[in-house]
Undergrad: 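Sharing a structure with you now.
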Amino acid sequence: MALPDFLATLEKLLTAAEDAFAAAGDAPTVEAARIEFLGAKSGRLKEAQKGLGTVDKADKPAAGKRFNEVKEAIDIAFQAAQDRLEQSKQTGGGAQATGPLFDTTLPGRPLRLGHLHPITQTIEHLKEIMGRLGFSAAGGPEIEDEWHNFQALNIPPAHPARDPLENFYLSTAGVTAKQPGTGAAPLLLRSQTSTVQIRVMEKTPPPVRIISLGRVYRPDTADATHYPMFHQIEGLLIDRHVTMADLKSVLRLFARSYFGGDVHIRFRPSFFPFTEPSVEVDMSWNDSWIEMGGAGMVDPHVLQAVGYDPEEVSGFAFGLGVERVCARRHNVTDIREFYKNDVRFLEQF
Ligand code: FA5
């Protein structure tokens, strides 16, 4: 068969099939049209396919392509007829109408209201408590440079805390993460909110009395008390004649306000490069002790790094884990629960 004749046959077939499926108003008519055009044994499309075998070899690709297009178009027309029937059945337009699907007499469904995440609620609560003690909130970036995350905090280049395995260093355009201390200026996701101490002191002359609450990042394996992204509350007070007694008083007041009167607080000797002396802060509530964070008197090297005179002023700083504080208060035994996004857990707060 010549190509033009074959193509003309296909066009006629397509028009007839589309008309038949468009006109079919019920299931038996659609089925009859399906058998007529798409029937596997003697459907008209099958017949047309036989003609394809008689087209000249050189014209076969063009003929085959159009055949496939026509086949697809007829399939679509059939599918559209079926969908139309199904829809009319559901909206009551068809033979098997069962009444309106939407019952306007039913009461409305109540909207579910969300609420703040427990960690956000805790952050707001901690800000409010510390605000009453005269601390105002300050912030800093989560992507930090080594000066604010380490150097100004008296953590020298060779210090193990700067190890790439202990931090999330970033590689950005123009700044390459390199082995710390090799002269490049890498950026990293801040590993502690103590960075904000530096940023505030660089800009503000003493006295300073701030807290900073925010996200920090460490490549820690997640377990019941660790998560690679967590939140810290940092406190910093710089003034004349500040002592460890002030630190302990503030932390005790803070703990009492957050947990209630029956909380106990204890300091264990510790080490942080940016405080001297340094302590770990544990809190006990409902008979068990838990490490909440670190604290200490700001090291004179840090005061010097931001241009303060250590002979004139002194101060204390502390950094507590927000997830741990929140978990302790609400008897959550695994901080990973905060980040599973399980509504059954979250809606309890
Ligand atoms: C620090 O981060 C110091 N910057 C704290 C500090 C501030 C000391 C000011 C002195 C002066 P540390 O690494 O211990 O310290 O972390 C503080 C607290 O953060 C921990 O006690 C714990 O409550 C919490 N924390 C640490 N790592 C994780 C983690 N992976 N997941 C959840 N909480 C964590």
Side-chain angles (χ1 to χ4, degrees), residues 116-131 133 135 137 139-140 142 149 161 166-168 189-197 210-236 247-248 250-272 274-275 278-296 316-342 345-346 348-349:
L116 294 178
H117 189 276
I119 295 299
T120 312
Q121 289 182 34
T122 306
I123 287 174
E124 293 307 317
H125 191 176
L126 300 182
K127 267 192 205 162
E128 189 253 321
I129 292 172
M130 293 306 291
L133 298 178
F135 287 76
E142 290 178 24
N149 204 84
E166 302 292 331
N167 296 284
F168 287 114
L189 297 180
R190 69 179 176 191
S191 61
Q192 50 185 344
T193 42
S194 301
T195 53
V196 183
Q197 291 181 30
I210 56 111
I211 47 157
S212 179
L213 283 127
R215 276 187 283 258
V216 299
Y217 304 84
R218 295 179 191 176
D220 288 346
T221 305
D223 62 22
T225 51
H226 293 84
Y227 209 70
M229 183 283 301
F230 60 101
H231 296 74
Q232 287 188 332
I233 169 171
E234 188 87 9
L236 173 72
L247 169 62
K248 199 160 184 179
V250 165
L251 283 175
R252 185 180 287 118
L253 274 172
F254 163 78
R256 285 225 169 131
S257 307
Y258 185 68
F259 291 108
D262 52 348
V263 69
H264 299 279
I265 183 166
R266 76 177 175 202
F267 285 176
R268 279 180 291 119
S270 186
F271 173 79
F272 294 100
F274 36 94
T275 45
S278 304
V279 290
E280 297 282 355
V281 185
D282 298 339
M283 292 181 192
S284 154
W285 188 60
N286 286 352
D287 293 334
S288 70
W289 288 98
I290 180 153
E291 179 203 308
M292 291 295 180
F316 67 70
F318 61 86
L320 314 178
V322 175
E323 280 77 0
R324 299 228 187 140
V325 171
C326 174
R328 189 75 205 87
R329 175 152 187 222
H330 296 288
N331 285 326
V332 173
T333 49
D334 190 329
I335 67 166
R336 285 172 291 193
E337 295 294 343
F338 291 124
Y339 299 112
K340 282 186 185 160
N341 277 341
D342 184 335
F345 171 79
L346 295 175
Q348 301 176 74
F349 293 87

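We use all heavy atoms of the structure for the numbers below, so side chains are in, but hydrogens, waters and symmetry mates are not.
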Undergrad: List for me each residue that meets salt bridge (Lys or Arg N to Asp or Glu O under 4.0 Å) alongside Asp262, sequence neighbours excluded, and say none if there are none.
TA: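 Partners of Asp262 by the salt bridge (Lys or Arg N to Asp or Glu O under 4.0 Å) criterion come out as none, since no residue qualifies.
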
Undergrad: Looking only at heavy atoms, what is the nearest atom pair of Val216 and Thr193, with distance?
TA: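 Nearest heavy atoms, Val216 then Thr193: CG1-N, 3.6 Å.
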
Undergrad: Which atom pair, heavy atoms only, marks the closest approach of Thr122 to Val322?
TA: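 Heavy atoms of Thr122 and Val322 come nearest at CG2-CG1, 3.9 Å.
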
Undergrad: Using only heavy-atom distances, determine whether the side chains of Glu323 and Tyr339 contain a donor-acceptor pair under 3.5 Å.
TA: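 Per modelled atom types, Glu323 and Tyr339 side chains form a pair under 3.5 Å.
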
Undergrad: Supply the atom-to-atom distance Thr275 OG1 to Phe316 CZ, rounded to the nearest 0.5 angstrom.
TA: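 Result: 12.5 Å between the selected atoms.
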
Undergrad: Tell me the closest heavy-atom pair linking Ser212 and Val196, and the distance in Å.
TA: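 Nearest pair, atom of Ser212 first, then Val196: OG-CG2, 3.3 Å.
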
Undergrad: Phe345: which residues meet the ring pair (Phe, Tyr, Trp, His ring centres under 6.0 Å) condition with it, sequence neighbours left out?
TA: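 With neighbours one apart ignored, the set is Phe338, Phe349.
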
Undergrad: Using the side-chain hydrogen bond (donor to acceptor under 3.5 Å, both in side chains) criterion, which residues pair with Ser270? Sequence neighbours excluded.
TA: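 Ser270: side-chain hydrogen bond (donor to acceptor under 3.5 Å, both in side chains) contacts with Glu280.
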
Undergrad: Quick one: pull up CD1 in Ile265 and CZ in Arg252 and give me the separation to the nearest 0.5 Å.
TA: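 Interatomic distance, Ile265 CD1 to Arg252 CZ, rounded to 0.5 Å: 6.5 Å.
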
Undergrad: Is Gln232 close to Leu320 at the side-chain level, that is, under 4.5 Å between some pair of heavy atoms?
TA: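 Counting from C-beta outward, Leu320 and Gln232 never come under 4.5 Å.
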
Undergrad: Output all residues satisfying side chain to side chain contact (heavy atoms under 4.5 Å, CB included) with Leu253, sequence neighbours left out; order by chain, then residue number.
TA: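 Here the qualifying residues are Leu133.
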
Undergrad: For Val281, does its backbone N or O pair with a side-chain atom of Arg268 as donor and acceptor, under 3.5 Å?
TA: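 No, because the side chain of Arg268 does not come within donor-acceptor range (under 3.5 Å) of the backbone of Val281.
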
Undergrad: With sequence neighbours left out, what residues match Ser257 under side-chain hydrogen bond (donor to acceptor under 3.5 Å, both in side chains)?
TA: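 Ser257 satisfies side-chain hydrogen bond (donor to acceptor under 3.5 Å, both in side chains) with no other residue.
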
Undergrad: So do Asp282 and Ile290 actually touch side chain to side chain, heavy atoms under 4.5 Å?
TA: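 Not touching, per the 4.5 Å side-chain cut-off.
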
Undergrad: Working to the nearest 0.5 Å, report the span between OH of Tyr217 and CG of Asn167.
TA: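 The distance works out to 13.5 Å.
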
Undergrad: For a quick test of reading the model, state the closest non-hydrogen atom pair linking Ala295 to Phe272 and the distance between them.
TA: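 So the minimum-distance heavy-atom pair works out to N-CE1, 3.9 Å.
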
Undergrad: Closest approach of Ala317 and Gln197, non-hydrogen atoms and distance?
TA: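 Heavy-atom minimum between the residues: CB-NE2, 3.4 Å.
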
Undergrad: Could you check whether any side-chain heavy atom of Ile211 comes within less than 4.5 Å of a side-chain heavy atom of Glu234, counting everything from C-beta outward?
TA: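 Contact flag for Ile211/Glu234 side chains = no.
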
Undergrad: Please say whether more than 12 non-hydrogen atoms of neighbouring residues, nucleotides or ligands are located less than 6.0 Å from CZ in Arg218.
TA: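 Atom CZ in Arg218 is packed in, count exceeds 12.
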
Undergrad: Side-chain polar contacts of residues 326-336 - donor-acceptor pairs under 3.5 angstrom, sequence neighbours left out - could you list them?
TA:
| residue | atom | partner | partner atom | Å |
| --- | --- | --- | --- | --- |
| Arg328 | NH2 | Trp285 | O | 2.3 |
| Arg328 | NH2 | Ser288 | OG | 3.0 |
| Arg329 | NE | Tyr258 | O | 3.3 |
| Arg329 | NH1 | His125 | ND1 | 3.3 |
| Asp334 | OD1 | Arg336 | N | 2.9 |
| Asp334 | OD1 | Arg336 | NE | 3.0 |
| Asp334 | OD2 | Arg336 | NE | 3.2 |
| Asp334 | OD2 | Arg336 | NH2 | 2.8 |

Undergrad: What's the shortest heavy-atom distance between Asn149 and Arg190, and which atoms?
TA: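 That closest heavy-atom pairing would be OD1-CA, 3.3 Å.
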
